[in-house]
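Labels below follow one simple rule: chain letters A, B, ... track the order of the sequence lines, proteins then strands, and each chain is numbered from 1.
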Amino acid sequence: MSWTVPVVWASQRVSSAGANFLCLGMALCPRQAACMPLMGTWLFTSVSKMATVKSELIECFTSEEPFHHRKVSIIGTGSVGMACAISILLKGLSDELAFVDLDEGKLKGETMDLQHGSPFMKMSNIVCSKDYLVKANPNLVIITAGARQEKGETRFNLVQQNVAIFKLMISSIVQHSPLCKLIIVSNPVDILTYVAWKLSAFPKNRVIGSGCNLDTVRFQFFTGQKLGIHSESCHGWVLGEHGDSSVPVWSGMNIAGVLLKDMNSDIGTDKDPEKWKNVHKEVIASAYEIIKMKNSTSWAIGLSGADLTESILKNLRRKHPVSTIIKGLYGINEEGFLSIPSLERRVLPTL
Amino acid sequence: IATLKEKLIVPVAEEEATVQNNKITVVSVGQVGMAYAISILGKSLTDEFAFVDVLEDKLKGEMMDPQHGSLFLQTLKIVADKDYSVTASYKIVVVTAGVLQQEGERRLNLLQKKWDILTYVTWKISGLLKHHVIGSGCNPDSARFHCLMAEKFGIHPSSCHGRILGEHSDSSVAVWIGMNVTGFSLQELNPEIGTDNDSENWKEVHKMVVESAYEVIKLNGYTHWVIGLSVAGLIESMLKNLSRIHLVSSMVKGMYGIENEVFLSLPYILNARGLTSVINQKLKDDEVAQFKKSTDTPWDIQKDLKDL
């Protein structure tokens, strides 16, 4: 029996039983065990004497130059950077992920480990470098690098150290990726978002602090716990500073559109017999508590970073309480960064 | 006085005694345990997830952190306890506790990290049916091999197919006859593949699979992502009853003339009943010999283990 064996462009994922070869005008023939000699006509024959398996298997119709259109860079391969990375990978948000860190061993180790996991993910490329040239012009740069809170420290204790790190970092990012958007995760996030905005001279819509995205998510979680429902169905906003002085907007808290203040007019006040104010206190305390127990927080902030990444890369126009410039709003005259519900246009809630 | 909850939510169905569940536990909240956890949670495989560990503070911290991210997850209940009673009636338990491999330590030196032997120990102590005790085995090795193949061809690893069998160790067996891309055998294109005469030195690719784990440990202190993601894939096959084939570790006594109760990796089918079938593959004589040889060391260690 003579078989015709088609060679398929390797970027299509087909199984040998299910391939559609009708466009080639050939019937599909199941392959027998390799102990039988192959007979028949090849689609093409490699002319090189030093033919490799690749050259015999795959014929290229186009340039092999890689093309990526949803590139994300993560600066920092500590626990937060890696948590952001794995969350982005599990959601399949980008086709290229690049890591930058000064610690070369950790950088390469984490990159290799993730690369080995790529059969289980839908991502084509994971790379790393000590310098920012690794993959110029990503769509998005997520900055997680910097000192982290130790037990008992507030986020403000980190200011001087992290501002110094940002002065080195931002100029390199801008040089190699002048068109990217920046998401700042390092703490104190509102101050560092201001610093990144000043140093980069990017327009304000391209410098975003993760801000109260996480506080709001924690708030929704604790509300869900109190009511026995999933946090996705609990709606409420925590705004302002990502930290001890954040502001829960009790007037807007609702479940399926039903305002909680209509069921409990004292909600959030000291008079409230159900002490809903403690839900917000738990939000503020939770980071300190987790740090006390396991020296850092990572998973929730990583998932939050992936959430913002999804909105930006997929152009979803979702609202997020992220840190942005608030000069001119609510009677504020200083150039500060605080969290308010934002998308491409700002949404101003009535406080 | 009615609480806000009582005013807002009105039950319309009676509380049921038992609800169908897909509960999963991970034992240990170290780097590998957390990689398992986030991969499982990220793929939304379960409705209830529990951590168990002896380190109480770290345990509570690692439970609270993903709990706070629950808006982004579809697992309502994430719990943790030192006591295993928290895992009562759980469907799947992932065991990962043990000492990390240190730089330079070959896997054989470290009993606690010897997954195939530990799978045997777990089976013996638990008294569970053998197809309910599964070792992750050569699943990560095969994944690494696919990555290296993919790099050589410039295609995605999931389009590369190859089997690494036997012991999850330096003596794993690469089955060259089965290596293929879209069904086309690499051995047909390069009959010397995997031998010392091979001009492309594909044998080096298998060696790199074995060495790459050591390299990651040298650079990073540990490996965790590949094993976390690979185990999430195994669990997905079981909970979603997919009957997919995975290179995992199970009891091979009676196969290929093996006489001892040893756990080694072969291509097995995983579904809701656990590990149910093995793929009947033809191995060359030297591959069978290598496979049988890799039972020697685990059995030498296993036969001296007491109190099992």
Side-chain angles (χ1 to χ4, degrees), chain A residues 8 10-11 13-16 19 31 33-34 38 52-54 56-58 64 86-87 90 105-106 108-110 112-121 124 214 217-218 220-221 224 226-228 230-232 255 258 260 263-264 274 286 289-290 292-294 297-300 303-304 306-307, chain B residues 1 3-5 7-9 38-39 42-43 57-58 60-62 64-73 76 140 143-144 146-147 152-159 177 181-190 193 199-200 212 215-216 219-221 223-226 228-230 232-233 282:
Chain A
V8 180
S11 68
R13 292 216 305 236
V14 296
S15 71
S16 55
R31 186 163 276 280
L38 180 70
T52 61
V53 168
K54 179 181 179 179
E56 297 211 30
L57 188 64
I58 300 170
E64 283 205 46
I86 195 70
S87 305
L90 285 168
K106 179 106 172 96
K108 277 190 186 157
E110 291 283 15
M112 273 179 73
D113 203 3
L114 278 177
Q115 282 171 337
H116 293 164
S118 59
F120 310 110
M121 299 182 287
S124 56
L214 180 55
V217 159
R218 284 182 173 138
Q220 288 171 255
F221 167 71
K226 222 169 146 76
L227 297 173
H230 194 278
S231 42
E232 217 178 270
I255 310 290
V258 177
L260 298 196
M263 303 219 148
N264 177 351
E274 289 185 66
S286 51
E289 225 185 302
I290 294 176
K292 209 163 96 182
M293 286 184 266
K294 63 162 207 164
T297 74
S298 55
W299 302 117
L303 288 162
S304 162
D307 183 48
Chain B
I1 303 171
T3 62
L4 190 151
K5 178 177 177 180
K7 287 188 211 172
L8 183 68
I9 299 168
I38 209 70
S39 304
K43 289 171 83 102
D57 278 352
K58 178 126 169 83
K60 199 168 171 209
E62 293 289 13
M64 284 172 67
D65 204 354
Q67 267 181 344
H68 293 173
S70 73
L71 180 70
F72 310 116
L73 303 169
L76 182 62
R144 288 186 179 112
H146 293 176
C147 284
K152 256 174 129 64
F153 293 134
I155 56 181
H156 195 273
S158 58
S159 296
I177 199 172
V181 173
T182 67
F184 297 108
S185 162
L186 302 194
Q187 198 171 59
E188 297 253 11
L189 299 169
N190 176 359
I193 197 169
S199 57
E200 284 186 70
S212 56
E215 203 184 334
V216 175
L219 292 165
N220 198 26
T223 74
H224 56 158
W225 296 124
V226 61
L229 291 162
S230 76
K282 193 171 171 195

**Student:** Taking every non-hydrogen pair under 4.5 Å, which of B:G233, B:A232, B:S230, B:G42 racks up the most with chain A?
**Tutor:** B:S230
**Student:** To the nearest 0.5 angstrom, please state how far the CG atom of B:L4 sits from the CE atom of A:M263.
**Tutor:** 6.5 Å
**Student:** Between chain A and each of B:G61, B:C147, B:G69, B:A143, count heavy-atom pairs under 4.5 Å; write down the option with the most.
**Tutor:**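 Between B:G61, B:C147, B:G69, B:A143, the count favours B:G61.
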**Student:** Do you know which of B:K152, B:M64, B:K43 has the most heavy-atom pairs under 4.5 Å to chain A?
**Tutor:**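 Top count of heavy-atom pairs under 4.5 Å with chain A: B:M64.
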**Student:** Using 4.0 Å as the upper bound for N to carboxylate O, is an ion pair formed by A:K294 and B:D65?
**Tutor:**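 Looking at B:D65 and A:K294, the cut-off is met.
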**Student:** Got more than 12 heavy atoms from elsewhere within 6.0 Å of NZ, B:K7?
**Tutor:** yes
**Student:** Look up atom CD in A:Q220 and atom NE2 in B:H68, then write down how far apart they are to the nearest 0.5 Å.
**Tutor:**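 That separation rounds to 13.0 Å.
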**Student:** Looking at residues at least two apart in the chain, or sitting in another chain, which of them share a side chain to side chain donor-acceptor pair (under 3.5 Å) with B:Q67?
**Tutor:** none
**Student:** So what's closer than 4.5 Å to chain B heavy atoms on A:E232: side chain, backbone, both or neither?
**Tutor:** both
**Student:** For each of B:G228, B:P66, B:S70, B:P140, tally heavy-atom pairs with chain A at distances under 4.5 Å, and name the one with the top tally.
**Tutor:**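 Option with the top pair count is B:S70.
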**Student:** Can you confirm whether A:K106 is buried at NZ, in the sense that more than 12 heavy atoms of other residues, nucleotides or ligands lie under 6.0 Å from that atom?
**Tutor:**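 Yes, because the 6.0 Å sphere around NZ of A:K106 holds more than 12 heavy atoms from other groups.
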**Student:** Please state whether the side chain, the backbone, both or neither of A:S87 comes within less than 4.5 Å of a heavy atom of chain B.
**Tutor:**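 Neither part; nothing is under 4.5 Å.
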**Student:** Under a 4.5 Å heavy-atom cut-off, does chain A meet the side chain of B:I38, its backbone, both or neither?
**Tutor:**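 Answer is both: backbone and side chain atoms of B:I38 are under 4.5 Å from chain A.
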**Student:** In chain order, what residues pass the ring pair (Phe, Tyr, Trp, His ring centres under 6.0 Å) check against B:H146, with sequence neighbours excluded?
**Tutor:**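 Ring pair (Phe, Tyr, Trp, His ring centres under 6.0 Å) list for B:H146, sorted by chain: empty.
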**Student:** Using non-hydrogen atoms and a 4.5 Å limit, figure out which bit of A:E110 sits close to chain B: side chain, backbone, both or neither.
**Tutor:**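 Both parts, backbone and side chain.
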**Student:** Is A:L227 close to chain B through its backbone or its side chain, or both, or neither, when contacts mean heavy atoms under 4.5 Å?
**Tutor:** both
**Student:** Quick check on the interface: out of A:I255, A:L114, A:N264, who has the most heavy-atom pairs with chain B under 4.5 Å?
**Tutor:** A:L114
**Student:** Picking from A:L260, A:V258, A:L214, which has the most non-hydrogen pairs under 4.5 angstrom with chain B?
**Tutor:** A:L260
**Student:** So how far is it from A:D307 CG to B:L71 CG, rounded to the nearest 0.5 Å?
**Tutor:** 7.0 Å
**Student:** Taking side chain as everything from C-beta outward and backbone as N, CA, C, O, which of these in B:E200 sits under 4.5 Å from a heavy atom of chain A? Side chain, backbone, both or neither.
**Tutor:**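 When you check distances to chain A, only side chain atoms of B:E200 fall under 4.5 Å.
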